[in-house]
Amino acid sequence: MSVQATLSSVIGPDAPEVIDGGGEYLSKNPANLDDVVAKVALGTPETLVAATEQAHRAQKEWAQVPAPVRGRVIAGLGRLVEANKESLARLVTREIGKPYAEALGEVQEIVDTCDFFLGEGRRLYGQTVPSEMPDKQLFTFRVPVGVAVVITAGNFPVAVPSWYLVPALLCGNAVVWKPAEYAAGAARAVAELAWKAGVPKGVLNLVYTDGEATFKGLEASLQAGTVNKVGFTGSSAVGTRVGELCGRHLQNPCLELGGKNPMIVTEDADLDLAVEGALFSGWGTAGQRCTSLGNLIVHRDIKDEFTSRLDAALRAATVGEPGGDVLYGPMLDQKFADNFESILDTLQPHHTPLGSDSVGRITNDKPRRGFHGDAGAGLYYHPVLVDGMRTDDHIFRHETFGPIVGVTPYESLDEAIELGNAPGYGLSAAIYTTDPAKAFRFRQGIGAGMVSVNNSTSGAEAHLPFGGNGKSGNGSRQSGIWVLDQFTRWQSLNWDFSGKLQKAQMDVDTVEPEMDFRLPPELGGN
């Protein structure tokens with residue numbers, strides 16, 4: 001029998017009493033809708049405001065903890081996650097329907113992130129800078145921003161939050177974390193592990209609210225001055241609202257948004273390898289990754305052969321219950337199933353759906369050959385490969401966030417790059433080629449923040465910068481040393497020990513060259 005949790009917001013010990021008051025949300029297993037993972041008491045805008053006030057009070061003391069000691073807390077979190085790896089992965093699989101093998105990989109990414117950042121506690125380097133005047137020294141220091149509100153999606157319910165939480169806490173910030181309601185249980189598990197690792201409650205606060213309550217609470221907190229940084233992972237539409245709100249308060253948020261990630265397959269590509277990469281990046285996690293393959297752009301000479309091979313591979317792939325060996329499981333939540341239904345409604349007569357015997361939800365009337373498990377129990381959908389996609393199609397221009405990919409031909413590499421950039425996103429892109437010149441020309445021309453050669457559009461390592469441009473983000477980056485610039489600010493120190501006032505740019509000794517000197521004839525002069 002499945003265990004059901006009852007969850008509510010957790011705010012630090014000296015916060016005022018907060019009534020949840022925002023209704024109840026049932027986090028259901030999308031592979032078995034009768035299985036309620038958690039009953040979640042949602043808060044109001046005031047819940048988020050109270051959490052930011054608590055974080056504001058707690059942050060100063062946390063910042064005084066030496067950075068190497070904060071690094072040891074992060075090390076402890078990594079070890080606790082590692083010790084609970086299988087349990088946490090099973091919870092992820094149960095709550096959002098991610099195949100267990102992928103869930104294990106996601107949990108491992110928390111461990112990798114902790115392993116990377118525990119050393120940053122001893123490195124948060126500043127610089128000593130030479131002065132232009134004697135008896136004077138200049139320094140730079142990284143200082144925490146203060147309070148970070150982190151709002152995360154649920155398709156990567158534990159790995160992506162760690163990209164924010166780990167560096168933010170390491171750098172001496174306090175965090176208010178608002179996870180997706182449909183991944184509330186996994187979020188609580190990660191928060192519990194962080195608290196047990198030594199992060200004080202109040203320094204890390206967990207808030208459950210819906211989208212509008214979050215936005216109103218964030219607006220009030222920014223107005224009150226209790227928020228210094230916002231990190232948001234989600235759709236481009238909501239990210240635009242968050243960015244506008246932060247801009248009104250002269251803040252630069254960290255926005256990790258959607259993608260319409262192209263994959264170019266050149267005439268010289270290894271087609272077997274390209275099919276394998278397209279299959280995983282297009283339909284893995286049911287296409288519900290921000291880095292999922294969006295548009296296949298295939299050279300005209302091989303387009304029919306490639307499409308035929310991919311169609312066969314997709315038809316042979318196992319879809320179903322995520323505890324098994326499957327390409328993908330269910331949609332994350334009912335709202336994503338509803339959105340995918342609306343995407344399918346945009347298909348046109350000039351489209352040829354491939355990849356399965358039917359389109360839409362997998363049912364007894366529209367079965368999927370080789371389906372693993374009970375299709376009627378969950379939110380399962382047929383994979384779709386759309387041949388005949390045009391550049392004015394909805395599925396070409398917009399993120400679909402589901403198990404659907406369109407394919408279109410190209411003739412020149414310049415045309416392929418133009419097609420890849422056309423939707424206006426800029427998160428991830430891939431090219432399959434055996435020609436290094438094509439790979440480098442593609443990298444130079446494509447607008448994505450992350451580029452792969454002979455690899456899928458999905459799959460980030462914990463020590464590389466992650467993030468996008470255009471509709472995919474505002475240029476901020478997560479992971480690796482680059483994310484430190486999101487959670488610290490540079491402070492300079494100007495220390496004059498000369499005993500007198502020395503004015504920069506004015507009291508500076510100069511050495512003037514003899515400008516009328518010319519080389520003599522014996523040294524080559526005229």
Side-chain angles (χ1 to χ4, degrees), residues 9 11-12 15-16 18 22 43-63 141-153 160-161 163-165 167-180 202-258 467-478 482-492:
S9 301
I11 303 175
V18 178
T44 64
E46 290 71 30
T47 310
L48 186 71
V49 171
T52 64
E53 291 171 347
Q54 166 63 54
H56 185 69
R57 290 190 293 271
Q59 187 269 330
K60 291 179 177 61
E61 185 175 348
W62 177 245
F141 300 87
R142 284 191 182 273
V143 297
V145 296
V147 174
V149 171
V150 172
I151 304 164
T152 57
V160 170
W163 296 353
Y164 291 105
L165 302 183
L169 293 167
L170 175 80
C171 291
N173 303 286
V175 177
V176 175
W177 178 22
K178 188 277 177 195
V203 170
L204 173 60
N205 303 276
L206 184 64
V207 172
Y208 297 121
T209 58
D210 63 21
E212 280 306 308
T214 300
F215 190 84
K216 291 177 181 177
L218 181 59
E219 186 173 34
S221 297
L222 285 165
Q223 185 66 40
T226 53
V227 175
N228 309 103
K229 186 71 179 184
V230 177
F232 174 80
T233 296
S235 71
S236 299
V238 176
T240 299
R241 291 185 66 197
V242 172
E244 290 173 346
L245 175 60
C246 292
R248 293 202 299 270
H249 295 275
L250 302 180
Q251 289 200 22
N252 181 29
C254 181
L255 300 177
E256 197 275 284
L257 309 177
N469 311 311
K471 295 179 184 178
S472 294
N474 60 346
S476 56
R477 292 294 181 264
Q478 297 170 292
W482 300 271
V483 75
L484 296 177
D485 287 332
Q486 297 298 315
F487 294 110
T488 57
R489 291 179 178 147
W490 284 108
Q491 182 184 63
S492 63

(Q) Under a 3.5 Å cutoff, is there a donor and acceptor pairing between the side chains of T233 and T152? (A) no

Q: Kindly give the heavy-atom pair with the smallest separation between V227 and V149, and that separation in Å.
A: CG2-CG2, 3.6 Å

(Q) Counting C-beta onward and ignoring hydrogens, is there a side-chain heavy-atom pair between P179 and Y208 closer than 4.5 Å? (A) yes

Q) Taking all non-hydrogen atoms of both residues, which atom of V230 and which atom of Q251 are closest, and how far apart? A) N-OE1, 4.4 Å

Q: Would you indicate whether the side-chain heavy atoms of F232 and L257 approach each other to under 4.5 Å?
A: yes

Q.
Distance check, rounded to the nearest 0.5 Å: L170 atom CG versus L165 atom CG?
A. 12.0 Å

(Q) If you compare all heavy atoms of L255 against all heavy atoms of G243, which two are closest, and at what distance to 0.1 Å? (A) CD1-CA, 4.2 Å

Q: Before giving the answer on side chain to side chain contact (heavy atoms under 4.5 Å, CB included), spell out for F215 and L245 the whole-Å C-alpha distance, their side-chain angles and the decisive distance to 0.1 Å.
A: CA-CA 9 Å; F215 190 84; L245 175 60; 3.9 Å; yes

(Q) Minimum heavy-atom separation for Q54 and N205, please, with both atom names. (A) CG-OD1, 3.6 Å

**Q.** CG on N173 to CD on Q486, rounded to 0.5 Å
**A.** 11.5 Å

(Q) If you define the side chain from C-beta out and look only at heavy atoms, does anything of R489 sit under 4.5 Å from N228? (A) yes

Q. Side chains of P253 and N474: closer than 4.5 Å at any heavy-atom pair?
A. yes

Q: Measure the OG1-CD distance between T214 and E219 for me, rounded to the nearest 0.5 Å.
A: 12.5 Å

Q.
Measuring from atom CD1 of I151 to atom OG1 of T209, what distance do you get when rounded to the nearest 0.5 angstrom?
A. 8.0 Å

Q) About how many Å separate CD of E256 and OG of S236, when rounded to the nearest 0.5 Å? A) 9.5 Å

Q. Considering all heavy atoms of both residues, which atom of G43 and which atom of A213 are nearest to each other, and what is their separation?
A. O-CB, 4.2 Å

(Q) Is there a side-chain contact between T226 and V147 in this structure, where contact means two heavy atoms from C-beta onward sitting under 4.5 Å apart? (A) no

Q) Do Y164 and V175 come within less than 4.5 Å of each other through their side chains, counting heavy atoms only? A) no

Q: Check whether any side-chain heavy atom of R142 sits under 4.5 Å from a side-chain heavy atom of W490, and report yes or no.
A: yes

Q | Rounded distance (nearest 0.5 Å) linking atom CG of L48 with atom NZ of K178 | A | 9.5 Å

Q. How far apart are the closest heavy atoms of A55 and V176, and which atoms are they?
A. CB-CG2, 4.0 Å

**Q.** Polar side-chain atom of K216 near backbone of G211 as donor-acceptor pair, under 3.5 Å
**A.** no

